[in-house]
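Written below as structure tokens is the structure these notes are about.
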Amino acid sequence: MEEFEVQQTVELRPDEYFIGTVRYSVDDKGRVVVPVELRQRLGSEFYLTLSSYDTVYIFAPEDWKRYTQRLMEFYQSNPQRYAPVLQRIMSFGQKVKVDNNWRFIVPANLREICNLRKTVYFVGIGDRVELMNEEAYKQRFSKITAPEVKELQAELGL
């Protein structure tokens, strides 16, 4: 069993979480507008990378720092095991800037892998936003509205 050094984590206040779902369009150049609801928290520069679900994770700079620090801790604890994960996250990682219209370009490699064309969904998931295509969103939505998820939510008292 691997041991990880316990580090003090910076907790987000509830009003700092990314929440909600917003539907937007991707233009022919791969640009998408940052939803108004996300602008203050994300800022005009933020990070993208490929998620384990073949969707795009979007991080505000401070969240990206925590995420990559955690990634490096895993990697340093067992480089052979975690090298592929490190390579996946970092090689697809990209810092992006918005233009004057709050648009950013989703890199072509991420658009291709995640099939981001025409309609996309920004889904708040706490410390990050997940950007996904319509099919992925419908699949995810059907899972989270399943009876067993509702039962688990009730069981947890949430």
Side-chain angles (χ1 to χ4, degrees), residues 1-2 4 9-27 30-43 46-75 77-78 81-94 96 102-158:
M1 181 186 264
E2 298 170 27
F4 296 102
T9 55
V10 178
E11 292 293 324
L12 293 175
R13 296 188 328 255
D15 63 341
E16 293 178 322
Y17 291 135
F18 288 110
I19 59 172
T21 300
V22 183
R23 182 177 183 227
Y24 264 82
S25 297
V26 177
D27 71 14
R31 296 177 300 192
V32 65
V33 175
V34 176
V36 171
E37 300 87 345
L38 304 176
R39 292 178 185 176
Q40 183 176 359
R41 175 84 167 80
L42 274 180
F46 44 86
Y47 293 86
L48 310 177
T49 195
L50 185 61
S51 80
S52 59
Y53 303 102
D54 287 342
T55 58
V56 176
Y57 280 157
I58 305 173
F59 291 94
E62 62 275 10
D63 300 317
W64 174 254
K65 183 178 179 182
R66 282 192 294 274
Y67 181 76
T68 54
Q69 283 175 337
R70 188 166 168 233
L71 170 64
M72 293 308 297
E73 289 170 9
F74 282 117
Y75 173 71
S77 73
N78 189 338
R81 180 169 187 210
Y82 296 117
V85 176
L86 175 73
Q87 291 164 352
R88 176 183 170 93
I89 290 170
M90 296 307 242
S91 67
F92 285 103
Q94 176 129 8
V96 296
W102 279 93
R103 296 176 302 191
F104 68 97
I105 295 175
V106 179
N109 60 349
L110 289 174
R111 284 196 318 268
E112 186 65 31
I113 290 171
C114 302
N115 196 24
L116 299 177
R117 292 172 181 70
K118 296 185 182 180
T119 303
V120 295
Y121 290 81
F122 289 84
V123 180
I125 53 172
D127 68 343
R128 68 197 78 162
V129 175
E130 193 170 3
L131 182 64
M132 61 184 74
N133 67 40
E134 192 161 25
E135 181 183 327
Y137 176 75
K138 287 178 181 178
Q139 287 177 356
R140 186 77 55 84
F141 187 77
S142 70
K143 289 178 185 174
I144 65 173
T145 57
E148 57 270 15
V149 175
K150 291 193 266 185
E151 290 170 14
L152 180 57
Q153 182 179 0
E155 181 183 315
L156 295 170
L158 299 172

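Sequence positions, counted from 1, serve as the residue numbers for this chain.
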Pair Arg70, Arg66 - check side chain to side chain contact (heavy atoms under 4.5 Å, CB included), show working. CA-CA 6 Å; Arg70 188 166 168 233; Arg66 282 192 294 274; over 6 Å; no
How far apart are the C-alpha atoms of Asn133 and Gln139, what are their side-chain angles, what is the distance that settles it, and do they pass the side chain to side chain contact (heavy atoms under 4.5 Å, CB included) test? CA-CA 10 Å; Asn133 67 40; Gln139 287 177 356; over 6 Å; no
Show your working on side chain to side chain contact (heavy atoms under 4.5 Å, CB included) between Tyr137 and Thr119 and close with a plain yes or no. CA-CA 10 Å; Tyr137 176 75; Thr119 303; over 6 Å; no
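Rounded to the nearest 0.5 angstrom, Trp64 CH2 and Ile58 CD1 are separated by 12.0 Å. Atom CE of Met90 is separated from atom OG1 of Thr68 by 5.5 Å, given to the nearest 0.5 angstrom. To the nearest 0.5 angstrom, Ile89 atom CD1 is 10.0 Å from Phe74 atom CZ.
By the neighbour-count criterion of 12 heavy atoms within 6.0 Å, atom CZ of Phe59 is densely surrounded, having more than that number from other residues, nucleotides or ligands.
Sorted by first and then second residue, the pairs that involve residues 46-59 and meet side-chain hydrogen bond (donor to acceptor under 3.5 Å, both in side chains), not counting sequence neighbours, are Ser51-Thr55, Asp54-Arg88, Thr55-Glu130. Residue pairs meeting the side-chain hydrogen bond (donor to acceptor under 3.5 Å, both in side chains) criterion with at least one partner in residues 145-158, sequence neighbours excluded, do not occur; the list is empty.
Residues Arg41 and Tyr17 share a closest heavy-atom pair of NE-N, 4.5 Å. The two residues Asp127 and Phe18 make their nearest non-hydrogen contact at C-CD1, 3.8 Å. The two residues Val36 and Tyr24 have their closest heavy-atom pair at N-OH, 4.2 Å. Summarising the geometry of Tyr82 relative to Ser77, their closest heavy-atom pair is CE1-OG, 3.9 Å, with the distance given to 0.1 Å.
Proximity of Phe46 to Val34: side-chain heavy atoms (C-beta onward) are separated by under 4.5 Å at one or more points. Side-chain contact check for Leu71 versus Leu86: some heavy-atom pair is nearer than 4.5 Å. In this structure the side chain of Val123 never reaches within 4.5 angstrom of the side chain of Arg140, judged on heavy atoms. Two residues are said to be in side-chain contact when any heavy atoms from C-beta on lie closer than 4.5 Å; Lys138 and Met132 fail this criterion.
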Would you be so kind as to tabulate the donor-acceptor pairs closer than 3.5 Å made by side chains of residues 107-114, with sequence neighbours excluded?
residue	atom	partner	partner atom	Å
Arg111	NH1	Val106	O	2.4
Glu112	OE1	Arg117	NH2	3.2

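Considering Val32, Thr21, Leu42 as possible partners of Phe122, the one that fulfils the side-chain contact (heavy atoms from CB on, under 4.5 Å) test is Val32.
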